[in-house]
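Heads up: the structure comes next, in C-alpha cells.
When a ligand or atom number is given, it counts from 1 through the structure's own listing order.
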Amino acid sequence: MIRILTIETTCDETAAAVITDSLEVLGSVVASQDKLHQKFGGVVPEIASRAHLENIVLVIDETIHRSGIRLSDLDAVAVANTPGLAGSLLVGLSAAKALCVALKKPLIAVNHLQAHIYACKISFREDPFPCLGLIVSGGHSSLYRCVTPIDFTSLGGTIDDAAGEAFDKVAAMLGLPYPGGPSIQKAAERGNPKAYTFPRSLLDEPERLAFSFSGLKTAVRYRLVGPGKTTDPATVAAKLSEQEIADIAASFQEAVVDCLVGKSIQALQKTGMKTLCLGGGVAANNRFRQKMENAAQNEHIRLFIAPITLCTDNAVMGAIAIERFHAGLFEPLDLDVYPGLIRNK
Ligand code: KG4
Ligand code: ZN
C-alpha cells in the first residue's frame, strides 16, 4: 500500500491528509483561519502566512495521529505549490521539504486547481476524465479542458473578479461576515431572487469562454448607495431591513449562478464535451449545485460535484499526488512556489 502525506496552504486553510493509492483517506485535518480574516472582510496575506506557520506542525502531527501511522510509514510527501498566496505557499512547501529531508522520502508537487477537480474523482470513485473542468474559488473562475488529472488546457476564465471574490466583496457591502459565499447563501434563503435584475455579463456572447463579475458588483453597489457616491455601502446596508438584505443577496446569488451555469453549458456546447466537473469553494453553493444539476439533466451532461467539504480548500484533494507518484513525477528539493502560475501540468 502506498501512503502519501498531502499538505495544503495555498490560501487561508492549513490542511493535511494521508491518502492511500486506493484513494482511501486515512486521516484529514483542516484548520480554518476564517475568524482571523473576518474583521478585514477578506484574506490578509501576511496574517494568513503567519497563521500557517503557527498551525502547520500541529496540523501535520494531528493528521498523522488520526491516520494511525508513523511518519516513517509514508512513501512520499506532496504539497500544493501553485497557485496561491506566495507567503502561504512557502510555509507548506518548507514543511514538505523538511519532512522529505528528514524521512528521505520523495517530494511531489500538487497543482491546487487540478486538485480541486480531482476532488470529484475521489468523491465519486469514478473516473470523470476527459472532462470540462470549472474551478470557482476565491481566486479563480476558470474553465479547463481536463484531458487527464494532470493535463489541463485553459479554455478561459474571468476577466476581472473571481466568483468567490465577488461573493466576498458583495457580502462586505451588505455587512455580512467573511467568508461571503456562505453568508450570502444563508441570507438568500429568505430572499426573492427576482427582486432585482442584476446583470449577467457575457452570457450573450456564447463563443467567448469568459466571465465578468465586476459589473454585477457595481450594480449591487449602485442599488445600495447610487451611482457616483463615495458613501460606504455597509453603512447604507445597516439601515435596510433583513428582508431587503435577503432580496439583494438572493438576486445577486442568482445572477452569479446564472453566469456560471450558462457559461458552462456554452463551453460544453463549444467543445463538444459531455462531462463536467465542478471544483472550488463556490461549488459548495446550494443554489449553484441545484441549478447546475437541472441544466446538466436537460443537456444530457454527466455532472460531477464533490461534497461540500471537498469543494472548499482541503488536503484530501491532494490525492492527485497519487497520479504523479505512479507517473514517477517527483520534484527536486529546490522546488519553488508559483503564486500565479500553473507550472506543473
Ligand atoms: O476554494 P476555496 O476554499 O479557496 C480558494 O482556493 O480560493 O474558495 C473560497 C471561496 C470564498 O470566496 C468563499 O466565499 C467561497 O469560496 N464560498 C462560497 C460558498 N462557500 C465558500 N461561495 C458561494 N457559496 C458558498 N456556499
Ligand atoms: Zn481552492
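Within the set Val136, Asp168, Asp313, the minimum heavy-atom distance to atom 13 (C) of ligand 1 is found for Asp168. Closest heavy-atom approach to atom 21 (C) of ligand 1 within the set Pro83, Ala166, Ser32, Gly281: this belongs to Gly281. When the options Val170, Asn285, Ile184 are ranked by their closest heavy atom to atom 24 (N) of ligand 1, first place goes to Asn285.
Counting only N and O atoms by type, the side chains of Asp12 and His52 include no donor and acceptor under 3.5 Å apart. No hydrogens or angles considered: a donor-acceptor pair under 3.5 Å links the side chains of Gln243 and Asp247.
Residue contact check for ligand 1: Gln253 places no non-hydrogen atom closer than 4.0 Å to it.
Heavy-atom contacts from other residues, nucleotides or ligands closer than 6.0 Å to CZ of Arg50 number 12 or fewer. Atom CD of Glu126 has more than 12 heavy atoms from other residues, nucleotides or ligands within 6.0 Å. Within 6.0 Å of CZ in Arg125 there are more than 12 heavy atoms belonging to other residues, nucleotides or ligands.
With the Zn ion (ligand 2) as the vertex, OD1 of Asp313 and NE2 of His116 span 90° to the nearest 10°.
Looking at atom 26 (N) of ligand 1, its nearest protein heavy atom turns out to be Gln185 OE1, 2.9 Å. Shortest contact from atom 22 (N) of ligand 1 to any protein heavy atom: Gly181 CA, 3.2 Å.
Between the side chain of Thr14 and the backbone N or O of Glu8 there is no donor-acceptor pair closer than 3.5 Å.
The two residues Leu303 and Ala296 make their nearest non-hydrogen contact at CB-CB, 3.8 Å.
For ligand 1 and Ala284, the ligand atoms under 4.0 Å from any heavy atom of the residue are 26 (N). Close approach to His116 involves these atoms of ligand 1, each under 4.0 Å from a residue heavy atom: 1 (O), 6 (O). Below 4.0 Å from some heavy atom of Gly180 lie the following atoms of ligand 1, by number and element: 14 (O). Within the listing of ligand 1, atoms 12 (O) sit less than 4.0 angstrom from a heavy atom of Gly164. Proximity to Gly139 (heavy-atom distance under 4.0 Å) selects the following atoms of ligand 1: 7 (O).
Under the side chain to side chain donor-acceptor pair (under 3.5 Å) test applied with Glu254, the options Arg200, Lys194, Lys291 reduce to a single match, Lys291.
Under the 6.0 Å cut-off for aromatic ring centres, Phe167 and Phe252 qualify, their centroids lying closer than that.
Polar contact with ligand 1: absent for Pro179 (N/O pair, distance under 3.5 Å). For ligand 1, the polar-atom distance check finds an N/O of Gly138 within less than 3.5 Å of one of the ligand's N/O atoms.
When heavy-atom distances to ligand 1 are checked against a 4.0 Å cut-off, His112 comes that close only through its side chain, counted from C-beta outward.
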For the pair Phe325 and Phe330, evaluate ring-ring contact (aromatic ring centres under 6.0 Å, His included) and give the outcome as yes or no after the intermediate values. CA-CA 7 Å; Phe325 185 96; Phe330 302 107; 5.5 Å; yes

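Because the distance cut-off is set at 2.8 Å, His112 qualifies as a neighbour of the Zn ion (ligand 2) through one of its N, O or S atoms.
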